[in-house]
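Report on the following structure.
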Amino acid sequence: MVDAPVAMTPVTLGERAGAEELYAALLPYRDAPPVSSGFTVAVRPVARTLGELAVLLGREGEAAGRFARAESVAERWHGPWAAT
């Protein structure tokens with residue numbers, strides 16, 4: 001799996017190169033809680049990163065659905081991660 005924080009880099013930089021590939025790699029994990037490995041901190045639901053990648057790719061309608069899913073995942077996992 002692609003690390004969701006790594007996928008946040010192109011969003012932060014506004015760099016579309018590679019964003020489509022990252023989006024496709026994360027899509028199967030859209031219902032997953034925030035990922036963590038080793039001693040890293042879980043940041044937020046994968047769906048949140050997918051929403052941001054969708055915005056970067058010009059898919060605003062799709063992004064809205066991803067942000068809503070992120071909110072649902074955060075609620076289900078009792079997480080502090082806000083979708084907006």
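When reading the values below, keep in mind they use all heavy atoms of this one structure, side chains included, and skip hydrogens, waters and symmetry mates. Note that the structure is predicted; figures quoted are calculated from it, not measured.
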Exercise for review: List the atom of D31, the atom of V73, and the distance in Å for their closest heavy-atom pair.
Suggested key: O-CG2, 3.8 Å
Point to revise | Residues that R16 engages under side chain to side chain donor-acceptor pair (under 3.5 Å), provided they are two or more places apart | key: none
Practice item. Grab the two heavy atoms, one from P45 and one from A70, that are nearest each other, plus how far apart they are. Key: CG-O, 3.6 Å
Point to revise | Shortest non-hydrogen contact between A63 and G51, atoms and distance | key: CB-O, 3.4 Å
Review point. P28 and A25: which non-hydrogen atoms are nearest, and at how many Å?
Key: CD-O, 3.4 Å
Check your understanding: If we only count heavy atoms from C-beta on, is the F67 to V55 side-chain gap below 4.5 Å?
Key -> yes
Check your understanding: Do R66's NZ or CZ and the ring of Y23 fall within the cation-pi criteria of under 6.0 Å and 45°?
Key -> no
**Study point:** Separation between CG of L57 and CG of L50, rounded to the nearest 0.5 Å
**Key:** 10.5 Å
**Study point:** 4.5 Å side-chain heavy-atom contact, L27 and R30
**Key:** yes
